[in-house]
Number of protein chains: 2
Amino acid sequence: MATTSHAPDAPTAAAQPPGPATPRATRRRGEALTRAIYQATLNELARTSFEELSFDKIAPLAGTGKSALYRRWATPEELVIAALTDPSTGFGDPVAPDTGSLRGDLIALLGRFAGVLDEPRGRALRPLLTQRARHPEVFEEVRRLVILPNQRILLAVLQAAADRGEAAPQCVTPRVASVGPRLIMAEFLEKGTVGRADVQSIVDEVLMPLTAPRPDTGRSDAPADAGDGARAT
Amino acid sequence: MATTSHAPDAPTAAAQPPGPATPRATRRRGEALTRAIYQATLNELARTSFEELSFDKIAPLAGTGKSALYRRWATPEELVIAALTDPSTGFGDPVAPDTGSLRGDLIALLGRFAGVLDEPRGRALRPLLTQRARHPEVFEEVRRLVILPNQRILLAVLQAAADRGEAAPQCVTPRVASVGPRLIMAEFLEKGTVGRADVQSIVDEVLMPLTAPRPDTGRSDAPADAGDGARAT
DNA sequence: CACGATAGTGAACAGACTTGTCCCTTATTT
DNA sequence: AAATAAGGGACAAGTCTGTTCACTATCGTG
């Protein structure tokens with residue numbers, strides 16, 4: 001049994017979140033341990049996939065034993081939801097930007113979103129995005145914590161811009177509000193990261209033209225009926 | 001596993017393309033068998049995830065033995081790439097629409113894309129989208145077979161529309177061309193399916209306003225330098 | 001300050017499942 | 001009929017899962 005783990009001299013390794021089994025001087029409990037487990041969970045999720053998660057792998061990564069995990073959660077799914085929901089490791093309520101201009105707000109909001117995606121919690125989202133059908137509860141949590149808040153804020157930003165005359169009133173819709181975040185997400189999936197230049201490009205090449213006040217060209221909206229002309233073959 | 005694996009009564013009498021081990025009168029070989037394996041692979045991929053794929057599971061789904069698979073491919077990864085590449089089960093070159101109008105072209109192209117996503121081969125894409133980092137070769141194939149062709153055609157559609165005066169010339173860019181497909185993909189991931197109404201909404205609420213000829217408002221493009229105004233906190 | 005309650009650590013374990021390979025039988029092709 | 005390859009089962013080695021246990025650091029209380 002167990003060479004004692006109470007090495008009295010190891011003050012150096014004070015507190016690194018993702019330590020792969022570093023012998024610790026202090027034994028964590030309660031909240032501190034829980035948060036370390038959340039971190040390890042998100043890191044592992046970011047590295048691999050939801051299906052491969054297991055208490056078996058997470059425990060050593062968090063520098064603890066499986067028992068501590070089984071005492072808290074019944075399944076990896078529960079653990080993931082908890083990790084996502086916890087404000088300190090997962091997602092809290094994002095704040096609305098207020099730079100005074102539509103372009104400033106968009107770049108601030110989308111830039112922050114892109115930044116979050118580069119953190120462990122953001123990279124942990126990636127494997128979850130394709131799990132809608134198999135793990136509705138997990139996906140619903142992603143939706144509730146990430147997708148919907150962004151959409152809500154974006155809609156408010158658009159409304160404010162429309163009120164200032166900076167944006168066309170008819171672009172204040174959920175569909176238009178979804179464009180920015182979705183383009184960021186797509187860029188993230190395709191390239192692995194979203195740089196500042198990408199954010200600017202999305203804002204300047206897509207969102208600004210899309211929301212620009214319309215000098216009433218007769219074509220901008222849906223042509224009433226018009227057969228949809230789909231000629232797929 | 002005492003229960004015989006060739007249960008003569010498939011549950012719910014599934015049709016034969018994805019038949020879960022229906023006893024066959026005829027023994028397939030060569031191309032026919034290969035294609036059946038591709039189908040089973042894509043079906044299973046659509047149902048679960050890339051990580052969970054294994055010859056062990058695919059073989060019975062294709063109604064054959066593991067030997068037939070190991071004789072053809074060394075790893076599930078190779079098999080997936082082959083299944084995606086095969087024109088009869090995977091993706092060939094998509095055709096460019098030519099309806100005469102920008103809106104018609106967009107709805108035709110994106111509608112067809114949405115349709116493909118509802119097929120097995122399309123649903124099989126979903127788990128692959130998050131595998132860029134772990135399986136670059138598979139993702140590269142997705143890119144080559146699905147993402148890039150769509151982008152290429154869309155760019156051509158935009159160019160043609162610009163030539164006709166239907167679209168602003170400055171919107172003929174890869175970034176703008178990426179918007180449609182990416183919104184379709186995002187809708188697909190978030191809702192599980194993309195209906196005709198979604199396609200129309202994307203075209204009419206986003207793409208048409210975005211590409212509308214610009215009567216030269218002084219603001220549509222990037223403001224030269226202008227600090228990016230990001231005030232993320 | 002010391003004691004007892006609580007909870008973390010680390011390991012072991014049995015059972016289930018997975019993996020790649022091998023081999024024998026049988027259908028199909030030449 | 002001979003050659004080829006499919007069908008399908010069996011195998012050993014390895015992996016993963018959830019439990020349980022002995023041990024000990026930490027905390028709260030008296």
Side-chain angles (χ1 to χ4, degrees), chain A residues 1-11 13-15 17 19-41 44 47-80, chain B residues 1-8 10 16 19-41 44 48-80:
Chain A
M1 309 263 116
T3 56
T4 64
S5 64
H6 64 355
D9 50 347
T22 312
R24 231 174 324 283
T26 162
R27 173 182 290 186
R28 304 150 303 178
R29 33 164 67 203
E31 288 251 313
L33 180 55
T34 300
R35 269 200 299 274
I37 296 173
Y38 287 159
Q39 282 295 355
T41 301
E44 186 61 1
R47 205 178 62 78
T48 62
S49 72
F50 183 79
E51 293 82 14
E52 290 164 282
L53 272 193
S54 74
F55 287 171
D56 246 335
K57 289 182 200 139
I58 296 174
L61 289 172
T64 185
K66 284 193 281 184
S67 333
L69 276 68
Y70 279 108
R71 199 175 296 134
R72 290 172 164 78
W73 308 278
T75 65
E77 176 158 348
E78 281 182 24
L79 168 53
V80 167
Chain B
M1 288 317 133
T3 55
T4 64
S5 61
H6 64 357
Q16 52 291 4
T22 312
R24 231 172 325 284
T26 163
R27 174 181 288 185
R28 303 151 302 179
R29 27 165 72 203
E31 288 250 312
L33 179 56
T34 300
R35 269 200 300 275
I37 296 173
Y38 287 160
Q39 281 296 353
T41 301
E44 186 60 3
T48 63
S49 72
F50 183 79
E51 293 81 16
E52 291 164 284
L53 270 194
S54 74
F55 286 171
D56 248 334
K57 289 182 200 138
I58 296 174
L61 289 173
T64 184
K66 284 194 280 183
S67 333
L69 275 67
Y70 279 109
R71 198 176 297 134
R72 289 171 165 79
W73 308 278
T75 65
E77 175 158 350
E78 282 183 25
L79 168 53
V80 167

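With rounding to whole Å, A:E31 atom CD is found 14 Å from C:dA7 atom P. At whole-Å resolution of the value, CG in A:L33 and C1' in C:dA7 are 9 Å apart. As rounded to whole Å, 13 Å separates atom C1' of D:dT17 from atom CD1 of A:I58. One interatomic measurement links the two molecules: CG of A:L69 to P of D:dC16, which rounds to 17 Å at whole-angstrom precision.
With rounding to the nearest 0.5 angstrom, the CG atom of A:L53 is 7.0 Å from the OG1 atom of A:T41. Going from atom CD1 of A:I58 over to atom CG of A:L69 covers 6.0 Å, rounded to the nearest 0.5 Å.
The two residues B:A62 and B:A36 have their closest heavy-atom pair at CB-O, 4.1 Å.
Remark: A:E52 engages A:S49, B:R134 in a side chain to side chain donor-acceptor pair (under 3.5 Å) (not counting sequence neighbours). Scanning for side chain to side chain contact (heavy atoms under 4.5 Å, CB included) contacts around A:E77 gives A:F50, A:T75, A:I81, A:H135, A:E137, A:V138, with sequence neighbours left out. By the side chain to side chain donor-acceptor pair (under 3.5 Å) test, A:E44 is found to be paired with A:R47, residues two or more places apart in sequence or in another chain being considered.
Sorted by first then second residue, the salt bridge (charged side-chain N to carboxylate O under 4.0 Å, His left out) pairs that include residues 56-76 of chain A, not counting sequence neighbours, are A:D56-A:K66.
Phosphate proximity of C:dT6 to A:R71: absent, as no side-chain N or O sits under 4.0 Å from OP1 or OP2.
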(request) Would you sketch DNA chain D in dot-bracket for me? Only Watson-Crick or G-U wobble pairs with both distances under 3.5 Å count, crossing pairs as [ ], other-strand pairs as |, the rest as dots. (result) ||||||||||||||||||||||||||||||

Pairwise N/O distances under 3.5 Å, protein to nucleotides 19-23 of chain C:
from	atom 1	to	atom 2	distance (Å)
C:dT19	OP2	B:S54	OG	3.2
C:dG20	OP2	B:Y70	OH	2.8
C:dG20	O5'	B:Y70	OH	3.3
C:dG20	N7	B:K66	NZ	2.9
C:dG20	O6	B:K66	NZ	3.0
C:dT21	O4	B:K66	NZ	3.3

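Note: B:Y38 and B:W73 have tilted aromatic rings, judged against thresholds of 30 and 60 degrees for the angle between ring planes.
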